[in-house]
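Comments concern the structure below.
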Number of protein chains: 2
Amino acid sequence: MVKETAERDRYHHGDLRAALLAAAETELSEKGVEGFTLRGCAKRAGVSHAAPAHHFGDADGLLTALAAEGFQRFTWAMRTRQAMAPKGGWTPLEAAGLGYLDFSAANPAMFRLMFSSARPRFDDPSLSPAAEEAFGVLVEAVTDARGANPWADAQGPADVAAAWALAHGMADLLMSGRLKFLNVEAGPQRDKVLAGVLARLLLEAPSAS
Amino acid sequence: MVKETAERDRYHHGDLRAALLAAAETELSEKGVEGFTLRGCAKRAGVSHAAPAHHFGDADGLLTALAAEGFQRFTWAMRTRQAMAPKGGWTPLEAAGLGYLDFSAANPAMFRLMFSSARPRFDDPSLSPAAEEAFGVLVEAVTDARGANPWADAQGPADVAAAWALAHGMADLLMSGRLKFLNVEAGPQRDKVLAGVLARLLLEAPSAS
DNA sequence: CTCGCATCTTTACAGTGTCAACATATATCT
DNA sequence: AGATATATGTTGACACTGTAAAGATGCGAG
């Protein structure tokens, strides 16, 4: 029992960085991106309002680190769906799309932070690899679906864009409550309905020009 | 010459509501949704910081009115593309999609306000009809594309959702610079490339079950 | 054991949205 | 036309925000 006082009444927190990230996540999900407050995070973590600056610089720095964590979980959500694929019978691309929708539905504020905010610094060395890895999942799935490297032929990039746009658009519109006419709230047939929309995607086979 | 002093040095502005809306639009496009400031709008309009309250209540009220105007122009952008359709050779649905992309590219901050912000009050009697009219353009175009009322058969709603999601996803991703691999910056062949992505949409004909 | 440095707090300041009180001009009513 | 109600703007104040500077504290390297 070396460290005992846990995180109580110590001038030095021990792992304030992680505590602040956790606090920031609940602050984000409760208040949304536009209601997010640095002082609120500090209060949740039980430290003074200026403490976060030593770990993240400014508020956008904290949001950048938070978004990086978000992209990691986002990648995980898609890969998890793909791993469960044989059970559901989905193709890797359909599974990635469903994972995309899972994540946005479960973490709407985080999704907004990652895709609809200018506050995170997307060129940050901790963020951009995480975002690119998520993009990699998508490209990989599109490659599987069309049976060829999308960067090798002319219509490949359009296939990637279409697959991404369809999934992303559904996620964004679903999250903001704009697809209520789909009646896809309850659980069991949710996947079927959503995959049915994703199935409207037509990928062209690479033709020998 | 009854009214002469124009809008200079008068205690009462004359048409401050319109002036504030115009100021808010430039404030929005320069600072973005997250940098938008009520006091900045007042300063641009040349009035005191508390003046907007008499016309819009609070800051969200101003953003609500601004978003309503945005949806009207959004509808106009899609209809304009459809009116030019014979020239371009696009179907009404493709034209609506291109109009969707036109608008988001020309007014990125406004697009964010309309689709990715929680600040406008979307149930406001001035906003919701404007948003529904834009939705109507889409439904109308989908009806044309599939040759049947989408609310009349089972797969219709999924067609509407897919068409909307594809266009919306493209608009959002393009606007945030995430589709750079499409190389669609220059003008002339922009429409062809974008319509090529939109063409990945497959609408099912209503089958007689 | 001592000292350098990372970590955290305190204090201060400019900027923000909103409210209440006040000032001014327009519109309405007799 | 003149008085009065009402709409429209201003001023001042308040709580809250992000950030910076300076001081307090304790860990760890020498």
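Below, chain A is the first sequence line, B the second, and so on; all start at residue 1. Reckoned from all heavy atoms, side chains included, excluding hydrogens, waters and symmetry mates.
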For B:Lys43 and D:dT10, give me the distance from atom NZ to atom C1', rounded to whole Å. 15 Å
Rounded to whole Å, the CG-P distance (B:Asp15 to D:dA7) equals 17 Å
Is B:Glu34 salt-bridged to A:Arg119, going by a charged N under 4.0 Å from an acidic O? no
For B:Leu62 and C:dT16, what is the distance between atoms CG and C1' respectively, to the nearest whole Å? 15 Å
Rounded to whole angstrom units, what separation is found between the CG atom of B:Leu20 and the C1' atom of D:dT10? 14 Å
Figure out the CG/C1' separation between B:Leu16 and D:dT10, and round it to whole Å. 12 Å
Are the aromatic rings of A:Trp151 and B:Phe181 close, with centres under 6.0 Å apart? yes
Can you tell me the distance, in whole Å, between the NE2 atom of B:His54 and the P atom of C:dA23? 14 Å
What nucleic acid atoms does B:Ala59 come within less than 4.0 Å of, heavy atoms only: base, sugar-phosphate, or nothing? sugar-phosphate
State plainly whether the residues A:Glu140 and A:Arg79 are in salt-bridge range, i.e. N to O under 4.0 Å. yes
For atom CG of A:Asp60 and atom C1' of D:dG18, their distance in whole Å: 10 Å
Check this for me: does any side-chain nitrogen of one of A:Arg73 and A:Asp102 sit under 4.0 Å from a carboxylate oxygen of the other? no
Just how far, in rounded Å, is P of C:dA6 from CZ of A:Phe56? 17 Å
Scan nucleotides 12-17 of chain D nucleotide by nucleotide, 5' to 3', and note B when protein non-hydrogen atoms come under 4.0 Å of the base, S if they reach only the sugar-phosphate, - if neither. BB---B
A:Arg178 charged N/C atom sitting above B:Phe122 aromatic ring, 6.0 Å / 45°: yes
Do A:Ser128 and A:Pro125 come close enough that some side-chain heavy atom pair is under 4.5 Å? no
